[in-house]
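Here the structure comes first, spelled out in structure tokens, and everything after it is commentary.
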Amino acid sequence: MIHHDPEFVITLQRVIEFIGTFAFALSGIRLAASKHYDWLGGFVCGIAVAIGGGTIRDVMLGVRPFWMLSPIYMICTLFAQCVVIVCHHYLRRLDATWFLFDTLGLALFNIAGIQKTLECGFPFWVAIIMGCITGAAGGVIRDVLLNEEPVIFRKEIYAMACVVGGLTYWLLSWLQVSLYITVIATFAIVCAIRFLAVKYHISLPKLRDEE
Amino acid sequence: MIHHDPEFVITLQRVIEFIGTFAFALSGIRLAASKHYDWLGGFVCGIAVAIGGGTIRDVMLGVRPFWMLSPIYMICTLFAQCVVIVCHHYLRRLDATWFLFDTLGLALFNIAGIQKTLECGFPFWVAIIMGCITGAAGGVIRDVLLNEEPVIFRKEIYAMACVVGGLTYWLLSWLQVSLYITVIATFAIVCAIRFLAVKYHISLPKLRDEE
Amino acid sequence: MIHHDPEFVITLQRVIEFIGTFAFALSGIRLAASKHYDWLGGFVCGIAVAIGGGTIRDVMLGVRPFWMLSPIYMICTLFAQCVVIVCHHYLRRLDATWFLFDTLGLALFNIAGIQKTLECGFPFWVAIIMGCITGAAGGVIRDVLLNEEPVIFRKEIYAMACVVGGLTYWLLSWLQVSLYITVIATFAIVCAIRFLAVKYHISLPKLRDEE
């Protein structure tokens with residue numbers, strides 16, 4: 001019954017996309033703040049992280065970018081910006097909270113990307129890639145806009161968690177596990193990988209130089 | 001009668017898009033020249049500023065990118081490049097002129113973006129965002145290509161003028177003001193904001209560090 | 001008979017796109033290795049070079065991105081990555097080989113871009129631009145991701161070879177030369193320009209500063 005309840009899938013997707021937006025926008029605005037960007041620059045960086053990955057996904061899928069259908073993503077980013085402007089003294093103390101939110105957002109965006117791609121009729125390997133793009137591309141756009149080397153390519157297990165999440169979703173779908181369990185298991189795996197990777201400083205092997 | 005004269009809207013839009021192209025392309029090519037890029041590199045930077053914002057807008061709107069429908073934008077950029085190659089000694093003396101052209105271009109592109117988005121049937125808040133993207137995204141692409149921090153996020157009131165222009169257009173449309181007056185008023189406001197911001201060194205507040 | 005044998009054109013295009021992918025991906029992964037990116041970062045840089053230009057082309061043409069139709073491009077990039085991981089000591093000795101592969105890829109991607117654009121019913125000047133984008137945009141994306149100034153704008157005759165290739169294709173089509181000869185001649189010209197440019201250190205004139 002995996003993709004046969006479109007009403008449920010769509011509702012789930014809405015909730016999924018909304019919760020992640022705040023956490024993603026916040027990470028972009030905080031980085032912009034550390035470089036002393038102005039308010040609008042901060043908003044652009046925030047919105048880039050929040051909707052960048054999903055926009056690239058939707059443009060490639062040939063559907064209307066999701067954020068053009070509802071102003072909720074803009075409002076959510078504006079809210080994140082107010083938080084950064086008003087509470088900038090307290091943000092660092094809550095770093096563990098933001099890390100938690102960001103991880104939840106990653107897992108949720110990843111699943112949203114996978115489901116939307118499957119709904120468009122693409123095979124699973126495309127869905128896994130789109131899940132990674134939805135989860136991780138926003139951060140790459142942010143780093144490009146901030147003129148930094150994308151942190152994702154060096155230090156973080158960010159995108160890898162999406163790949164494993166996608167493979168999990170695939171495996172469970174293939175085993176005909178119910179959608180509820182598939183989504184919850186994928187969500188848990190993505191979060192677990194990211195938590196463990198950061199806690200134990202696990203990272204992918206680096207490519208070696210040619211010396 | 002605001003969007004009920006498509007012939008007029010389309011003609012206006014053509015004129016609008018053409019005038020801005022030269023000024024935008026020139027700004028990209030001059031920056032490429034200051035970094036000693038080669039001729040083709042200069043052309044790419046010029047075309048990126050000139051058509052970058054509009055192309056992103058059109059791809060998101062799901063319509064054919066405007067520059068593929070007529071070679072005029074390429075010709076315009078080639079002309080700007082010839083100006084840079086032939087007259088490079090005199091360009092700086094005309095800085096006030098280029099600033100004027102660039103500001104006219106910004107106002108025109110902003111309005112073109114708003115109108116095209118409304119014609120595609122999107123709500124006004126999407127049109128305002130698309131107006132900003134049309135006006136300002138080209139400059140961001142230029143700075144990314146030149147490997148610099150986008151100047152728009154720090155020093156210039158560039159994108160803010162587009163936001164205010166969009167809100168003006170919205171307000172006047174909502175008040176049922178005629179299209180002629182709406183366009184002229186929006187144009188004047190965008191230009192005025194940019195002129196005043198540069199003359200009196202007005203800028204948006206910066207985001208504060210977390211120290 | 002130039003575009004009247006779609007079966008042949010499509011087959012030719014498939015072969016063309018496949019051969020180039022390995023060489024392009026390899027160049028991206030090697031650059032990522034020189035910056036000590038991790039495995040996934042290397043893969044992303046490789047895939048960016050391999051499919052970036054073609055994806056931008058397809059999104060602008062309004063067709064489904066080519067790499068979503070077959071996993072062969074992903075497999076090809078994975079293979080290139082294995083080569084970099086396993087044989088990193090031997091890669092530099094084969095620099096002449098990689099240069100050859102890269103040049104073949106450039107010529108092939110250029111032609112593929114021209115043909116696909118013509119098939120979509122666009123005029124030749126758009127096809128030439130799309131040929132350049134298909135051949136050269138991947139490298140620009142790679143340099144942006146690696147936070148470097150795009151090498152294409154300064155040192156290499158890369159994109160220029162695509163422009164001349166496109167003009168050659170146009171001229172021969174206009175002269176009603178058969179498709180076989182047109183493709184082979186274009187291919188030879190692009191390769192020749194790149195080889196000669198690198199061998200004799202030919203480059204385009206640089207834009208002059210405004211001093």
Side-chain angles (χ1 to χ4, degrees), chain A residues 53 55-63 65 117-118 120-130 132-133 135-137 139-164 166 170 193 197 201-211, chain C residues 28-48 51 55-56 58-75 77-78 80-95 98 141-149:
Chain A
T55 304
I56 293 179
R57 173 200 66 206
D58 289 345
V59 165
M60 286 198 196
L61 293 178
V63 302
T117 309
L118 291 176
C120 289
F122 285 96
F124 240 115
W125 66 270
V126 175
I128 294 174
I129 293 171
M130 289 297 173
C132 294
I133 290 175
V140 175
I141 297 176
R142 175 198 65 203
D143 291 341
V144 166
L145 287 182
L146 290 158
N147 199 25
E148 304 212 334
E149 235 171 53
V151 67
I152 201 181
F153 295 152
R154 269 192 206 257
K155 290 173 214 157
E156 305 218 13
I157 208 81
Y158 217 80
M160 199 60 213
C162 290
V163 174
V164 178
W170 190 358
I193 290 176
H201 304 284
I202 300 165
S203 60
L204 284 176
K206 288 198 192 317
L207 288 170
R208 284 205 213 144
D209 222 310
E210 291 172 18
E211 305 308 292
Chain C
I29 299 165
R30 286 182 78 195
L31 235 93
S34 76
K35 290 203 141 192
H36 304 287
Y37 278 23
D38 67 24
W39 284 12
L40 197 70
F43 184 80
V44 172
C45 288
I47 205 78
I51 71 169
T55 303
I56 292 179
D58 288 346
V59 165
M60 286 198 197
L61 293 178
V63 302
R64 187 154 285 180
F66 67 98
W67 60 267
M68 288 161 74
L69 306 174
S70 154
I72 200 72
Y73 307 100
M74 296 294 149
I75 292 163
T77 303
L78 271 179
Q81 182 149 28
C82 295
V83 168
V84 172
I85 291 171
V86 176
C87 315
H88 63 95
H89 284 304
Y90 308 98
L91 286 172
R92 193 163 289 175
R93 287 182 221 168
L94 292 169
D95 265 346
W98 308 133
I141 297 175
R142 175 198 64 205
D143 291 341
V144 166
L145 287 181
L146 289 158
N147 199 25
E148 303 214 331
E149 234 170 53

Requested in this report: Please test A:I129 against C:M74 for side chain to side chain contact (heavy atoms under 4.5 Å, CB included), starting from the C-alpha separation and ending with a verdict.
Outcome: CA-CA 10 Å; A:I129 293 171; C:M74 296 294 149; 3.5 Å; yes
Which atom pair, heavy atoms only, marks the closest approach of [X] to [Y]?
X      : Y      : value
C:W67  : A:W125 : O-CH2, 2.9 Å
A:P150 : C:Y37  : CD-OH, 4.3 Å
A:L204 : C:W39  : CB-N, 4.4 Å

How many angstroms lie between [atom1] in [X] and [atom2] in [Y], if you round to the nearest 0.5 Å?
X      : Y      : atom1 : atom2 : result
C:L40  : A:C132 : CG    : SG    : 7.5 Å
C:L31  : A:L207 : CG    : CG    : 11.5 Å
A:F122 : C:M68  : CZ    : CE    : 3.5 Å

Query - Region of C:V144 that comes under 4.5 Å of a non-hydrogen atom in chain A - result: both
Query - chain A contact via C:Q81 - which portion, at a heavy-atom distance below 4.5 Å - result: side chain
Query raised in the report: Can you name the side chain to side chain donor-acceptor pair (under 3.5 Å) partners of A:T117, sequence neighbours left out?
Result: none
Report task. For C:T77, enumerate each residue passing the side chain to side chain donor-acceptor pair (under 3.5 Å) test, keeping only those at least two apart in sequence or located in another chain. Result -> none
Query raised in the report: Quick one: of C:C87, C:P71, C:P65, who has the most non-hydrogen atom pairs under 4.5 Å with chain A?
Result: C:P71
